Amino acid sequence: MDIASLRGTYDIFPPQSRIWESVELEARRIFNVYGCSEIRTPIIEDTRLFTRSIGEGTDIVNKEMYTFPDRKGRSITLRPEGTASVVRAYLQHSLYKDQGLCRFFYIGPMFRYERPQAGRNRQFYQLGTEFLGSTHPYYDAESIALLTTFFKTLGITDAVVKLNSVGSRSSKENYSLSLKDYFAPFIKSMCEDCITRFEKNTLRILDCKNPACRETIKGAPSTEHALNQEDAEHFHSVKEYLCAMNVRFEIEPRLVRGLDYYTNTIFEVVHTRLGSQDALGGGGRYNNLVEEMGGPSTGAVGFAVGIDRLVMVLEKILSSQETALSDSLDVYILNPNDSLSADHIVMLHALRSCFVKADMCTEQKSFKAQMRTANKLNARFVLIHGEDEIRQSIIKLKNMTQKTEEIIPYTTFYTAVEKVIERIGKK
RNA sequence: GUGGGUGUAGCUCAGUUGGUUAGAGCGUCUGGUUGUGGCCCAGAAGGUCGGCGGUUCGAACCCGCUCACUCACCCCA
């Protein structure tokens with residue numbers, strides 16, 4: 001075949017898909033406990049939604065979006081993240097009129113045109129929450145607590161929460177200015193990237209990994225000094241609430257995020273077993289976004305988790321035994337006669353109607369070969385109903401683990417099925 | 001977008017300084033006497049050596065281009 005999955009996209013199949021299922025199941029469970037309801041938004045949106053919310057100067061908007069004209073020439077974009085769509089839906093349906101706080105969660109694919117790498121794909125999957133309608137610092141803390149609780153229930157105990165605050169818009173602007181003042185004398189000796197960052201997005205200089213730049217960055221003013229009174233208090237409360245909930249975190253003064261809409265609290269959860277793309281999740285507060293999108297001033301906070309990366313970590317934690325074990329069959333119906341009998345089809349159907357995980361052999365194979373198949377399928381029982389059994393009006397049921405065989409009388413179809421189900425222990 | 005690494009059977013990989021019919025392990029299938037699995041034994045199927053072009057008497061091996069995978073930069077989840 002000459003057609004393969006597109007670059008940066010991939011297929012998920014067993015046994016790996018089982019991990020995905022359990023992640024999603026656990027997420028729904030925890031989110032429900034925290035009062036979040038699911039929101040499903042379209043995967044395609046008007047391009048302007050993202051350019052406005054994420055920011056014109058960001059990498060996502062500049063070079064990573066899947067953007068194309070539709071048949072009427074409108075600019076369409078495959079969503080690169082979830083928050084913008086949630087905010088759009090929130091506004092479009094005037095949800096801010098209903099109640100104080102809306103708690104949503106979402107799960108689904110996102111798209112970014114990037115060079116694939118470990119933990120980075122063009123179609124990737126995120127699950128996340130958005131709390132809309134409050135500026136209270138408690139919800140910043142609750143978001144982080146929910147995130148860490150989720151990881152813990154999945155068995156991830158060694159993830160690290162990194163926390164910082166960039167402050168409100170005015171604090172952010174102040175900070176940006178003070179950084180410019182600080183870097184101005186050194187900028188000519190810094191790396192090329194930093195020079196462009198200096199003009200484009202000064203905050204991002206703090207993220208530079210160049211050792212020479214690093215030295216200059218060390219002396220840069222930290223975000224905390226740039227926060228105004230109110231922002232500092234907000235940040236302080238968040239930290240206090242986190243401590244109260246026994247959530248561990250590390251203050252990371254250099255932490256800045258690539259999306260423009262963040263204000264105040266920003267956080268990231270990293271895991272050491274991931275490689276260079278080590279963020280399992282991240283998020284923060286975005287108090288201006290709803291208003292910027294044309295709604296009322298609305299406080300909001302949220303996070304997103306990279307499911308692809310989460311699964312990578314879980315695969316390393318879980319033993320291969322654990323993932324393979326779950327695949328077993330209750331009964332395998334043999335086909336000792338040459339042709340597929342109607343009796344077997346009806347039997348299979350009846351068993352499945354009673355939620356017995358059953359399957360049957362439809363091929364013309366030797367008895368031995370059929371037994372081998374049963375074994376390969378990890379069948380707990382094998383049901384034998386061939387010519388001999390028909391003559392004697394019985395069914396043979398072999399217990400594969402105990403290697404025992406039981407004879408079940410076949411007086412009527414229903415009593416026989418009943419007995420089989422009873423023996424299998426599914427009643 | 002920039003760099004490094006890698007493409008040989010379904011999977012994991014060998015393959016000598018270029019030289020006849022390209023191998024192994026696992027997996028798959030079929031047998032090992034009448035209709036009974038795993039273990040063991042025997043056998044079989046399965047490959048455009050990523051693709052295209054070049055060098056050569058001769059290329060899986062050398063060269064060029066291209067595609068894909070992969071890791072890193074960048075950025076993010």
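Quick note on labels: first sequence line is chain A, next is B, and so on, each numbered from 1. What you are looking at is a predicted structure, and each value in this text was computed from that prediction instead of being measured.
- Across all strands shown, A42(B) forms a Watson-Crick or G-U wobble pair, both distances under 3.5 Å, with U30(B).
- Distances were taken from every side-chain heavy atom of Ala279(A) (C-beta onward) to each of U36(B), A77(B), C71(B); the shortest belongs to A77(B).
- For the pair Tyr113(A) and Ala379(A), nearest-nucleotide mapping onto RNA chain B gives the more 5' position to Tyr113(A).
- A close approach under 4.0 Å does not occur between any side-chain nitrogen or oxygen of Ser366(A) and OP1 or OP2 of U30(B).
- Distance from the side chain of Ile384(A) is smallest for G35(B) among the nucleotides U2(B), G35(B), G37(B).
- Close to G38(B), at under 4.0 Å from its OP1 or OP2, lies a side-chain N or O of Arg372(A).
- Using a 3.5 Å distance cut-off with no hydrogens or angles, the side chains of Asp140(A) and Asn264(A) do not pair a donor with an acceptor.
- Across the strands present, G35(B) finds no partner; the criterion is a Watson-Crick or G-U wobble pair with both atom distances under 3.5 angstrom.
- Remark: C61(B) base-pairs with no nucleotide in the shown strands. Criterion, Watson-Crick or G-U wobble with two distances under 3.5 Å.
- Closest to the side chain of Arg115(A), out of C69(B), U2(B), U36(B), is U2(B).
- The local environment of CG in Asp158(A) is crowded, with over 12 non-hydrogen atoms from other residues, nucleotides or ligands closer than 6.0 Å.
- Between Ser171(A) and Asp231(A), the side chains place a donor N or O and an acceptor N or O closer than 3.5 Å (distance only, hydrogens not considered).
- Nucleotide C73(B): paired with G1(B) (Watson-Crick or G-U wobble, both distances less than 3.5 Å).
- Within 6.0 Å of OH on Tyr66(A) lie more than 12 heavy atoms contributed by other residues, nucleotides or ligands.
- Rounded to a whole Å, the CD atom of Gln117(A) is 15 Å from the P atom of U2(B).
- Look at Lys368(A) and you'll find a side-chain N or O under 4.0 angstrom from OP1 or OP2 of G37(B).
- Annotation for Glu387(A): atom CD does not count as buried by contact number, only 12 or fewer foreign heavy atoms lying within 6.0 Å.
- One can find a donor-acceptor pair under 3.5 Å joining the base of C75(B) and the side-chain atoms of Arg120(A).
- Contacts of Leu259(A) with the nucleic acid, taken as non-hydrogen atoms under 4.0 Å apart, involve only primed sugar atoms and P, OP1 or OP2.
- Nucleic acid contact for Ile307(A): none, since no nucleic acid atom lies under 4.0 Å from a heavy atom of the residue.
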